[in-house]
Amino acid sequence: QLQASGGGLVQAGGSLRLSCAASGRTLSGYVTGWFRQVPGKEREFVAWVGRSGSMSNYADSVKGRFTISRDNAKSTVSLQMNSLKPEDTAVYYCAATTGATRLSLLQTYNYWGQGTLVTVSS
């Protein structure tokens with residue numbers, strides 16, 4: 001089971017750091033990603049990080065502002081979000097997969113957390 005935390009209310013231009021932790025398993029064997037969803041819209045890809053942390057990928061909308069990283073010793077994955085915009089407002093979900101391809105697709109991920117709400121005010 002995955003647990004996402006760190007969401008909250010922040011003004012535009014501010015920063016938040018989300019964290020994803022696993023209970024009952026270690027995250028080190030999984031590619032881990034972040035997705036987000038606005039009510040009424042489809043869940044969308046934000047970023048993923050490879051098992052060792054050396055590879056990552058981002059949605060164009062967050063590239064240069066968000067950084068995904070992992071600490072395998074602590075079995076956590078973080079998403080540092082800077083220069084936040086009102087359009088970043090969403091529930092953010094972390095997810096993990098044993099797969100190695102199509103990592104920006106929801107259906108690739110086997111395990112999901114419960115989500116944490118990020119609200120960016122203008």
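Positions are given from 1 along the sequence.
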Distance col, row Tyr111:OH vs Gln1:CD, nearest 0.5 angstrom, shows 12.0 Å

Identify whether NZ of Lys or CZ of Arg in Arg36 sits under 6.0 Å from the centre of the six-membered ring of Tyr93 and within 45° of that ring's axis. no

Measure from the side-chain N and O atoms of Thr116 to the backbone N and O of Gly7, and report whether any donor-acceptor pair falls under 3.5 Å. yes

Please identify each residue that fulfils salt bridge (Lys or Arg N to Asp or Glu O under 4.0 Å) with Arg17, with sequence neighbours left out. none

Do the side chains of Trp112 and Val77 join up, straight or via other hydrophobic residues, at under 4.5 Å, putting them in one cluster? no

Any side-chain heavy-atom pair from Trp34 and Met81 closer than 4.5 angstrom? no

Side chains of Met55 and Val49: closer than 4.5 Å at any heavy-atom pair? no

Show your working on side chain to side chain contact (heavy atoms under 4.5 Å, CB included) between Leu79 and Val46 and close with a plain yes or no. CA-CA 10 Å; Leu79 184 70; Val46 175; 4.1 Å; yes

What's the verdict on side chain to side chain contact (heavy atoms under 4.5 Å, CB included) for Gln80 and Ser69, showing C-alpha distance, side-chain angles and the deciding distance? CA-CA 8 Å; Gln80 178 66 41; Ser69 61; over 6 Å; no

For the residue pair Asn82 and Ser15, confirm or rule out a side-chain donor-acceptor distance under 3.5 Å. yes

In this structure, SG of Cys20 is separated from CZ of Arg70 (nearest 0.5 Å) by 9.0 Å

Taking the side chain as everything from C-beta on, heavy atoms only, tell me whether Val120 gets closer than 4.5 Å to Gln11. no

Do the side chains of Lys85 and Asp88 get close enough for a salt bridge, i.e. N-O under 4.0 angstrom? no

Classify the ring geometry of Phe66 against Tyr92: parallel below 30°, tilted from 30° to 60°, perpendicular beyond 60°. tilted

Strictly distance-based, threshold 3.5 Å: is any side-chain N or O of Asn72 a donor or acceptor partner for the main-chain N or O of Gly29? no

Starting at CD1 of Ile68, measure out to CG of Asn57 and round the result to the nearest 0.5 Å. 10.0 Å

Working to the nearest 0.5 angstrom, can you tell me the gap between Leu106 CG and Gln37 CD? 8.0 Å

Rounded to the nearest 0.5 Å, what separation is found between the OG atom of Ser61 and the CD atom of Glu44? 5.5 Å

Distance (rounded to the nearest 0.5 Å) between Leu103 CG and Thr108 OG1: 6.0 Å

After noting the C-alpha distance and the side-chain angles of Phe35 and Tyr109, does the key distance pass the ring pair (Phe, Tyr, Trp, His ring centres under 6.0 Å) rule? CA-CA 11 Å; Phe35 292 77; Tyr109 290 80; 5.1 Å; yes

Report yes or no: does Asp71 contribute a side-chain atom to a donor-acceptor pair with the main-chain N or O of Lys74 at less than 3.5 Å? yes

